[in-house]
Amino acid sequence: MALDDGYTPGAFLLMGLLLDRHRIIAASEDFSLTSQSVDPDLAQFNDNEGACYHEAGHAVAAIVLNVRFDHVSVIPSDKHLTDGRVAFGEHPCDWRLLNKASKVQALNYCIFLMAGMAAQLRWQGEEADLNACGKNDREALDTACMFVAAKFSIATGTNSKEAKIIKTFAWREACLMMANPRAWRAVCSLARHLYVSEREAATENEVAQIVAAEKVCYKTTRGIAEITRAMAITVTSP
């Protein structure tokens, strides 16, 4: 599957500063196993199960990465032009969150943005249309990259080397999170809840209970030191 703007497995392999080649290849192979990834309780449906997995990926990642939100919903919104969304309520999001966040928190927010696409990719495999389902997320990541780079005292654009490092890091970590068995079980459980619930929604606390029930314990595979080193090398490179 081909993705633009630094999201392809090929782009992963080119970003040698950030990649663990064997783990990425293994994760990519997992995502190609569509028939083995589909939740049997949702496989019979043809309408909005994709949205259920997409939003469940965002919400589970938010709990794991400590990104606060109010609720997750798969109710289509004409206002937000989405089939579902994670609503932040009174919690800060986008530039408000990034402006006051630490480097780690800001990078976690970027991973959260990509987690919906990563979940949909694992569930649907090559049938996932990430250009369509992740349009808003990718636009949000473009903006987030500029705020994150600023925390490294770097002025950058959405298509710069620095932005591509952040995008690749966020996409890679989101994919690896969805490849984590416990995290994936939590996503499937939440997706099922969103589909069968009359409210088609779940609060932050309800999502946290699902994550706790699956005993999800996941940490990003690359820390702030690696990103800092990569950003510094990029800035000093010709």
Side-chain angles (χ1 to χ4, degrees), residues 37-42 45 47-123 133-134 136-137 140-141 144 170 173-220:
S37 299
V38 174
D39 180 349
D41 292 335
L42 287 177
F45 301 114
D47 45 14
N48 75 332
E49 67 262 44
C52 290
Y53 274 96
H54 185 104
E55 300 307 329
H58 280 308
V60 168
I63 296 298
V64 172
L65 299 169
N66 197 30
V67 175
R68 298 297 308 278
F69 64 99
D70 183 75
H71 69 275
V72 56
S73 168
V74 290
I75 300 174
S77 170
D78 292 334
K79 177 181 178 181
H80 298 282
L81 302 177
T82 62
D83 292 327
R85 60 190 291 260
V86 172
F88 286 88
E90 297 300 317
H91 299 294
C93 62
D94 297 336
W95 65 267
R96 289 182 296 157
L97 171 65
L98 294 170
N99 197 39
K100 297 181 179 180
S102 67
K103 291 178 180 178
V104 171
Q105 290 170 325
L107 288 169
N108 282 350
Y109 179 72
C110 293
I111 299 170
F112 155 80
L113 288 174
M114 293 292 95
M117 292 170 60
Q120 197 154 353
L121 177 59
R122 171 153 192 185
W123 175 66
C133 75
N136 291 339
D137 299 331
L141 185 62
E173 294 297 336
C175 285
L176 290 176
M177 185 185 297
M178 293 303 111
N180 178 279
R182 292 184 184 276
W184 183 242
R185 285 199 297 270
V187 168
C188 292
S189 180
L190 178 56
R192 186 182 306 112
H193 169 83
L194 292 173
Y195 196 93
V196 303
S197 170
E198 292 183 1
R199 294 182 294 121
E200 297 182 270
T203 65
E204 181 189 49
N205 186 56
E206 289 172 329
V207 178
Q209 290 177 8
I210 290 173
V211 171
E214 296 297 344
K215 299 180 180 179
V216 179
C217 182
Y218 183 83
K219 294 183 179 180
T220 55

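The residues of the chain are indexed from 1 along the displayed sequence. When reading the values below, keep in mind they use all heavy atoms of this one structure, side chains included, and skip hydrogens, waters and symmetry mates.
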Are the aromatic rings of Trp184 and Tyr218 close, with centres under 6.0 Å apart? no
Heavy-atom closest contact (Ser73 atom, His71 atom, distance): CB-CD2, 4.0 Å
Report the C-alpha separation of Leu65 and Met177 in whole Å, then their side-chain angles, then the decisive distance to 0.1 Å, and conclude whether the side-chain contact (heavy atoms from CB on, under 4.5 Å) test is met. CA-CA 11 Å; Leu65 299 169; Met177 185 185 297; 4.0 Å; yes
Report yes if some heavy atom in the side chain of Leu194 is under 4.5 Å from a heavy atom in the side chain of Leu190; otherwise report no. yes
First locate atom SG of Cys52, then atom NE2 of His193, and finally report the distance between them rounded to the nearest 0.5 Å. 10.0 Å
Exercise: identify the closest heavy-atom pair between Leu141 and Ala170: CD1-CB, 4.5 Å
Can you tell me if Arg68 uses its side chain to pair, donor with acceptor, with the backbone of His91 under 3.5 Å? no
How long is the gap from SG on Cys175 to CE on Met178, to the nearest 0.5 Å? 9.0 Å
Please tell me if the side chains of Tyr195 and Val74 come closer than 4.5 Å, counting only heavy atoms from C-beta onward. no
Which heavy atom in Gly57 sits nearest to a heavy atom in Ala115, and how many Å separate them? O-CB, 3.4 Å
One pair to check against side-chain contact (heavy atoms from CB on, under 4.5 Å): Val60 and Ile210. What are the steps and the verdict? CA-CA 9 Å; Val60 168; Ile210 290 173; 5.7 Å; no
Would you say that Phe69 contacts Ile63 through its side chain, given a criterion of any heavy-atom pair below 4.5 Å between the two side chains? yes
Looking at every heavy atom in both Val207 and Ala59, which two are closest together, and how far apart are they? CG1-O, 3.8 Å
Which pairs pass salt bridge (Lys or Arg N to Asp or Glu O under 4.0 Å) with one or both residues in residues 177-189, sequence neighbours excluded? Arg185-Glu214
side-chain contact (heavy atoms from CB on, under 4.5 Å) between Phe88 and Val67, intermediate numbers included: CA-CA 9 Å; Phe88 286 88; Val67 175; 4.0 Å; yes
On a heavy-atom basis, the closest approach of Ala101 and Ala106 is CB-N, 4.0 Å
For a quick test of reading the model, state the closest non-hydrogen atom pair linking Ala119 to Tyr53 and the distance between them. CB-O, 3.4 Å
Give a yes or no on whether the backbone of His54 and the side-chain of Gln120 come within a donor-acceptor separation of less than 3.5 Å. no
Parallel, tilted or perpendicular: which describes the rings of Phe112 and His58, with under 30° parallel and over 60° perpendicular? tilted
